[in-house]
Participant: 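Mind having a look at this structure? Questions to follow.
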Amino acid sequence: MKIRLVNEGVFSPIDDIQTTLTAPPAGFYWIDADVEDLALLQPLFSLHDLAVEDCLSEEEQRPKLEIYENHYFIVVNSIRFDDEEIFLRALNVFLGRHFIITVTKQKIHELRSLKPILWEQEVSTPDRFLYLLIDLVVDNYFTVGDRIEAKIEKLEEDILMHTKKSHLNEIIGLRSEILWLKKVLGPQKELINTLNKRDLRLIDDQLQKYFSDIYENAVKISETFDTFRDLMGNLREAYQSSIANRANEIMRVFTAITTIFMPLTVITGIYGMNFDNMPETHTAYGYFVVIGIMAVLAVSMLLIFRKKDWI
């Protein structure tokens, strides 16, 4: 657990947690905690039992805002994409009048990225901290969206150039991830819209209006993932079409080979008959003549097929 006094973006470490129970002369306290620290923090800050229970739960939490007597409890989902799988990590926030507590089970990239922004914008209030944090979380969805789009484009190119059976598993897996993420984005949009429109005493009225910009970004992200869902459907159709075309090409080659060998089979069948009165079978060069005719016939048919672009 790390405790800092944040005043005009400047961080001052705090060793005694008892200090955070009273409001500082200027700035606010930021407590960056793990779930194990809640046993200490809950009685000190009167954190609601249900909120603490949500933090400790192994089940996935929906983004939400819960209002209690002396603090708000907010859950937002941070996103991460490692080119194989999409991960959502819950970021739990307790917002008070003079403090903000962030509780996570894993490391959240946005918390590290937020520090220079707090210093640059000289932040001194916990509600502005919350605004900048959620803004970073939402912006990261755009970054992940760009990477997903690049992966879709590469997958499409690979399918068109050289289709493999493994591509179908990639399509199904990525489409499932996108649909799951699209489902999760709904509650996140509702949360941001609530922060924008609801009368919240712990968030400054002027600052609250800025949440509308984040909400617009959340809507854009949702629409982007709608597009990705449609693209994955098109990609699956392209895969199936490519497989069908490939099968047709194979059948065309087999058909051409069969067609070429049909007259050769007729010739070998005729001269394979055991009749005595077959003059060609008694000539000195009959074998070579027949072989030559068969070769010329096969090559001629092959050239005709290639000219007509049948093979």
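Numbers here simply count residues along the sequence, with the first being 1. This is a predicted model, so every value here is computed, not measured.
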Participant: Please work out which of the three classes, parallel, tilted or perpendicular, describes the rings of Phe211 and Tyr131, given edges at 30° and 60°.
Facilitator: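 The rings of Tyr131 and Phe211 stand perpendicular, inter-plane angle above 60°.
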Participant: With the side chain counted from C-beta on, respond yes when Leu5 and Trp30 share a heavy-atom pair under 4.5 Å apart, and no when they do not.
Facilitator: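 Counting from C-beta outward, Leu5 and Trp30 never come under 4.5 Å.
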Participant: Shared ILVMFWY cluster between Phe142 and Leu181, side chains joined below 4.5 angstrom?
Facilitator: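 Same hydrophobic cluster.
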Participant: Sub-3.5 Å donor-acceptor pair from the side chain of Tyr72 to the main-chain atoms of Leu202, do we have one?
Facilitator: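 The answer is yes, because a donor-acceptor pair under 3.5 Å joins these two groups.
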Participant: Under 3.5 Å, is there a donor-acceptor pair between the Glu110 and Asn140 side chains?
Facilitator: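 Looking only at side-chain atoms, Asn140 and Glu110 do form a donor-acceptor pair, the distance falling under 3.5 Å.
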Participant: Would the number of heavy atoms belonging to other residues, nucleotides or ligands and lying under 6.0 Å from NZ of Lys220 be above 12?
Facilitator: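 No, the 6.0 Å shell around NZ holds no more than 12 heavy atoms from other groups.
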Participant: Report yes if the side chains of Val6 and Ile100 come closer than 4.5 Å at any heavy-atom pair, otherwise no.
Facilitator: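 Val6 does not reach Ile100 side chain to side chain.
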Participant: Of all residues at least two apart in sequence or in a different chain, which pass the side chain to side chain contact (heavy atoms under 4.5 Å, CB included) check with Thr227?
Facilitator: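 Here the qualifying residues are Leu231.
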Participant: Got more than 12 heavy atoms from elsewhere within 6.0 Å of CZ, Arg89?
Facilitator: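 Enclosed.
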Participant: Please indicate whether Trp119 has more than 12 foreign heavy atoms, meaning atoms of other residues, nucleotides or ligands, lying under 6.0 Å from its CH2.
Facilitator: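 Result for CH2/Trp119: open.
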Participant: Any donor-acceptor pair under 3.5 Å linking the side chain of Glu8 with the backbone of Val123?
Facilitator: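 Here the side-chain-to-backbone pair does not exist.
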Participant: Are the side chain of Gln188 and the backbone of Ala218 linked by a donor-acceptor contact shorter than 3.5 Å?
Facilitator: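 Answer holds: no.
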Participant: Distance-only, no hydrogens or angles: does the His98 side chain make a donor-acceptor pair with backbone N or O of Thr20 under 3.5 Å?
Facilitator: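 Pair found, side chain donor or acceptor close to backbone of Thr20.
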Participant: For the residue pair Phe225 and Phe228, categorise the inter-ring angle as parallel (less than 30°), tilted (30 to 60°) or perpendicular (more than 60°).
Facilitator: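 Perpendicular.
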Participant: Does any part of the side chain of Thr102, heavy atoms only, come nearer than 4.5 Å to the side chain of Asn92, both counted from C-beta?
Facilitator: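 In short, these two side chains do not touch, never coming nearer than 4.5 Å.
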Participant: Do side-chain atoms of Asp32 reach the backbone of Lys2 as a donor and acceptor pair under 3.5 angstrom?
Facilitator: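 Answer holds: no.
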Participant: When you compare the side chains of Gln208 and Asp127, does any donor N or O come within less than 3.5 Å of an acceptor on the partner?
Facilitator: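 No, Asp127 and Gln208 have no side-chain donor paired with an acceptor closer than 3.5 Å.
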Participant: Donor-acceptor pair, Asp16 side chain versus Gln18 backbone, under 3.5 Å?
Facilitator: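 Checked: pair present.
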Participant: In this structure, would Tyr210 and Phe129 fall into the same cluster of hydrophobic residues linked by side-chain contacts under 4.5 Å?
Facilitator: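 As far as the 4.5 Å side-chain criterion goes, Phe129 and Tyr210 are connected within one cluster.
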Participant: If you count the non-hydrogen atoms of other residues, nucleotides and ligands that lie under 6.0 Å from CZ in Phe261, is the total more than 12?
Facilitator: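 No, CZ of Phe261 has 12 or fewer neighbouring heavy atoms, counting only those of other groups under 6.0 Å.
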Participant: Assess the pair Phe94 and Phe73: is the distance between their ring centroids shorter than 6.0 Å?
Facilitator: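 Ring centroids of Phe94 and Phe73 are less than 6.0 Å from each other.
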Participant: Within a radius of less than 6.0 Å around CZ of Phe11, do more than 12 heavy atoms belonging to other residues, nucleotides or ligands occur?
Facilitator: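 Above 12, so yes.
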Participant: Just by modelled atom types, is the Glu190 backbone N or O under 3.5 Å from a matching donor or acceptor in the Thr194 side chain?
Facilitator: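 Checked: pair present.
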Participant: Evaluate the ring planes of Tyr68 and His48, with Trp represented by its six-membered ring, and classify them as parallel (under 30°), tilted (30 to 60°) or perpendicular (over 60°).
Facilitator: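 It falls in the parallel class, under 30°.
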Participant: With a 4.5 Å cut-off on side-chain heavy-atom distances among I, L, V, M, F, W and Y, is there a chain of contacts connecting Met1 to Phe28?
Facilitator: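 Different clusters.
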Participant: Do you know the tightest heavy-atom contact between Tyr29 and Thr22?
Facilitator: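 Closest pair (atom of Tyr29, atom of Thr22, distance): CE1-O, 3.3 Å.
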